There are 2 protein chains.
Amino acid sequence: MFSIGDLSRRTGVKVPTIRYYEQMGLVAAPERSEGNQRRYSRQELERLAFIRHARDLGFAVEDIRSLIDLSGHPEQPCGHADRIAEEQLISVRDKVAQLKRLEAELERIATCCNGETVGDCYVIRALSDHALCTDEHG
Amino acid sequence: MFSIGDLSRRTGVKVPTIRYYEQMGLVAAPERSEGNQRRYSRQELERLAFIRHARDLGFAVEDIRSLIDLSGHPEQPCGHADRIAEEQLISVRDKVAQLKRLEAELERIATCCNGETVGDCYVIRALSDHALCTDEHG
DNA sequence: TGTAATTGCTCTAGCCACTAGAGCTTCAAG
DNA sequence: CTTGAAGCTCTAGTGGCTAGAGCAATTACA
């Protein structure tokens with residue numbers, strides 16, 4: 001049996017976050033010691049590792065809830081799980097594309113300042129005047 | 001003079017968000033009509049456009065506050081503004097790198113599922129077993 | 001066995017940047 | 001002069017935690 005601190009160290013999920021997941025119903029309420037402290041089994045450790053892994057990959061808590069539900073029904077077709085993963089992939093790709101555009105814009109802004117005072121600072125001017133932008137970000 | 005709706009349409013910032021910015025002190029409280037409705041000048045339109053632009057570029061509200069303060073002191077050296085922009089660039093680059101790693105991992109997970117049921121679905125297995133990961137994401 | 005440090009407990013409130021909704025008033029077009 | 005859109009204030013909710021107060025339990029060591 002693991003204490004909540006053990007679980008935290010083994011999964012990398014912070015202690016208050018574990019309690020938060022319990023409150024949200026992502027992990028079940030575990031057994032308690034005589035003194036009312038949480039005691040986890042290996043199964044619960046694995047579920048938390050699953051959650052951690054999915055969070056690392058950017059899945060929303062609601063998606064993780066679905067994935068956990070699915071993993072409890074191994075006989076069902078896995079189209080739903082695939083769809084969740086594909087949507088997450090699309091969303092990550094969108095974010096990358098968006099951030100790449102920002103990066104380009106910021107590079108132009110942040111590396112081109114020859115001004116010495118705010119009055120002719122390219123950073124400030126670029127932010128004030130959208131027309132200086134080459135690209136339609138946002 | 002512009003109504004809050006005019007401002008919203010011209011800058012792309014939603015009406016409740018404009019009021020929120022006012023509450024946060026990012027934009028000053030504007031004049032009011034006889035019937036207590038907000039009436040904005042062109043200057044205020046420009047400030048909001050500045051904010052919108054900076055938010056699009058991912059600057060935090062606190063950074064924007066600094067940039068606005070700076071733009072009100074055009075005689076000062078612009079090193080501070082440059083630093084804010086450079087830090088933002090670094091943070092965007094970090095995010096891109098992180099998301100690229102996630103993208104690679106998700107591609108592997110989402111495109112390799114040959115299973116027909118959840119029981120042998122690669123998505124679920126990959127999330128359950130970190131050892132299937134090639135890369136240390138997270 | 002004593003005790004001190006660490007870890008755990010519950011509860012409430014805060015973070016960021018909005019967003020939603022209730023219930024009301026004002027404005028602008030026809 | 002009416003009607004419907006747009007405005008107002010206020011409170012509360014979102015996601016995914018995080019922080020802190022004020023206790024209780026556990027554990028390591030003497």
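Bear in mind the structure is a predicted one, so any value in this text is a computation, not a measurement.
A distance of 7.5 Å separates CD in A:Q88 from CG in A:L57, rounded to the nearest 0.5 Å. Taking CZ of B:F2 as the start and OG1 of B:T11 as the end, the distance is 10.5 Å to the nearest 0.5 Å.
Under the salt bridge (Lys or Arg N to Asp or Glu O under 4.0 Å) rule, B:R38 has a single partner from B:E31, B:E44, B:E22, which is B:E22.
For the pair A:R52 CZ and D:dC17 C1', the interatomic distance rounds to 13 Å; values are reported in whole Å. Between B:K14 atom NZ and D:dT14 atom C1' there is a gap of 13 Å when expressed in whole angstrom units. Distance, A:R55 CZ to D:dG16 C1': 6 Å, rounded to whole Å. One atom, CD1 of A:I18, and another, C1' of D:dA19, lie 17 Å apart when rounded to the nearest Å. Here the P atom of nucleotide D:dC8 and the CD atom of B:E34 are 15 Å apart, to the nearest Å. Taking atom CZ on B:F2 and atom C1' on D:dA6, their separation rounds to 17 Å, with Å as the unit.
Of the side-chain N and O atoms in B:Y21, one or more sit less than 4.0 angstrom from OP1 or OP2 of C:dC18. For C:dC27, the OP1/OP2 oxygens have a side-chain nitrogen or oxygen of B:S33 closer than 4.0 Å.
Crowding of A:R42 atom CZ: a count of heavy atoms from other residues, nucleotides or ligands under 6.0 Å not exceeding 12. Within 6.0 Å of atom CD in A:E75, more than 12 heavy atoms from other residues, nucleotides or ligands are found, so the atom counts as buried in its surroundings.
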Where protein sits on nucleotides 6-16 of chain C, one letter per nucleotide: B base, S sugar-phosphate only, - none, heavy atoms under 4.0 Å: --SSB------

Candidate pair A:R65 and A:E62, rule salt bridge (Lys or Arg N to Asp or Glu O under 4.0 Å), full reasoning: CA-CA 5 Å; A:R65 208 190 291 278; A:E62 281 316 299; 3.1 Å; yes

